[in-house]
Amino acid sequence: MSTPQSNPAGEATRHSFPGTTEESETAAAAQQEVADQMRDIAEVPAVEVITTAAVHLMSAAAVKCGLAEGDDAEALKDLDEARKLITALAGFVTAAAPEIGSQHAGPLRDGLRSLQLAFREASVIQDAPGKGPGEKFTGPVS
């Protein structure tokens, strides 16, 4: 408790304890925000969620293949990471294709193929046909 002797400025010091009204209001606001976000995601069609996730994987793989814009593109290149991302993308696109239809899957497959070819071009040591990133899902890419 604040007294004039312990608080020379004469200002009251506020102490918060778990379960106080302020903490409860903050928790309620956070819960409302989560509820609003869940409602928002519920309104997004599945095909949009799937294609958005695929585009994120593609973008990350492109950067790791050294295809980023800017002077630091070579510094961001990491083919080990690119291989993982391309393989994940290949499995994702292959699994999602029947669900999202050819009008959505076609461009994703084209982007995937472009990444696989970019990876092959960036690699010093070439993978055997069918052994490149994602090729166990897509078949050999040339």
Side-chain angles (χ1 to χ4, degrees), residues 1-3 6-142:
M1 195 163 178
S2 178
T3 64
S6 67
N7 190 357
E11 297 175 14
T13 303
R14 181 165 184 201
H15 298 281
S16 294
F17 299 99
T20 62
T21 304
E22 186 177 308
E23 190 175 282
S24 297
E25 289 172 2
T26 303
Q31 288 176 344
Q32 183 60 43
E33 185 177 333
V34 169
D36 291 345
Q37 289 174 355
M38 286 188 334
R39 256 184 261 123
D40 289 346
I41 197 72
E43 295 170 5
V44 178
V47 68
E48 190 173 327
V49 174
I50 292 167
T51 55
T52 300
V55 167
H56 284 294
L57 286 168
M58 281 184 184
S59 297
V63 169
K64 298 296 185 178
C65 281
L67 302 175
E69 291 184 12
D71 299 333
D72 60 347
E74 193 62 31
L76 299 172
K77 187 175 178 179
D78 184 340
L79 294 180
D80 184 50
E81 291 289 303
R83 179 182 294 277
K84 293 171 188 171
L85 289 163
I86 294 169
T87 300
L89 176 63
F92 187 66
V93 170
T94 301
E99 302 299 325
I100 62 175
S102 61
Q103 77 182 45
H104 297 287
L108 296 177
R109 284 190 189 111
D110 291 344
L112 170 61
R113 183 175 182 279
S114 295
L115 285 168
Q116 288 171 313
L117 291 173
F119 181 92
R120 186 175 298 270
E121 188 176 309
S123 295
V124 176
I125 301 171
Q126 296 298 310
D127 292 317
K131 299 295 182 184
E135 290 183 351
K136 67 181 174 184
F137 298 110
T138 64
V141 175
S142 57

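The analysis underlying the following values was restricted to heavy atoms, covering all of them including side chains, and did not include hydrogens, waters or symmetry mates.
By the 6.0 Å contact criterion, CG on Asp71 is open, its count of non-hydrogen atoms from other residues, nucleotides or ligands being 12 or less.
When every heavy atom of Ile50 is checked against every heavy atom of Phe92, the shortest pair comes out as O-CE2, 3.4 Å. The minimum heavy-atom distance between Met58 and Leu108, with the atom names listed, is CE-O, 3.1 Å. Heavy atoms only, all atoms of each residue included: Gly130 and Pro140 are closest at N-CB, 3.8 Å. Nearest approach of Ala61 to Leu85, heavy atoms of both residues: N-CD1, 3.7 Å. Minimum heavy-atom separation, Ala118 to Leu67: CB-CD1, 3.8 Å. Residues Thr138 and Gln116 share a closest heavy-atom pair of OG1-NE2, 3.2 Å.
The side-chain heavy atoms of Val93 and Phe137, taken from C-beta on, include no pair separated by under 4.5 Å. Proximity of Pro133 to Leu89: side-chain heavy atoms (C-beta onward) are nowhere separated by under 4.5 Å. Between Val141 and Leu112, every side-chain heavy-atom pair lies at or beyond the 4.5 Å cut-off.
With Gln126 contributing its side chain and Ser123 its backbone, the two residues share a donor-acceptor pair below 3.5 Å. Side-chain N or O atoms of Arg109 include none that pairs as donor or acceptor with a backbone N or O of Ser102 at under 3.5 Å.
With rounding to the nearest 0.5 angstrom, the CG atom of Leu117 is 10.5 Å from the SG atom of Cys65. For the atom pair CD1 (Ile86) and CZ (Arg113), the distance works out to 13.0 Å, reported to the nearest 0.5 Å.
For residues 83-106, the salt bridge (Lys or Arg N to Asp or Glu O under 4.0 Å) pairs, not counting sequence neighbours, are Asp80-Lys84, Glu81-Lys84, Arg83-Asp127.
Residues passing the side chain to side chain contact (heavy atoms under 4.5 Å, CB included) test with Pro45, sequence neighbours excluded: Val47, Glu48. A search for side chain to side chain donor-acceptor pair (under 3.5 Å) contacts involving Arg120 returns Glu135, not counting sequence neighbours.
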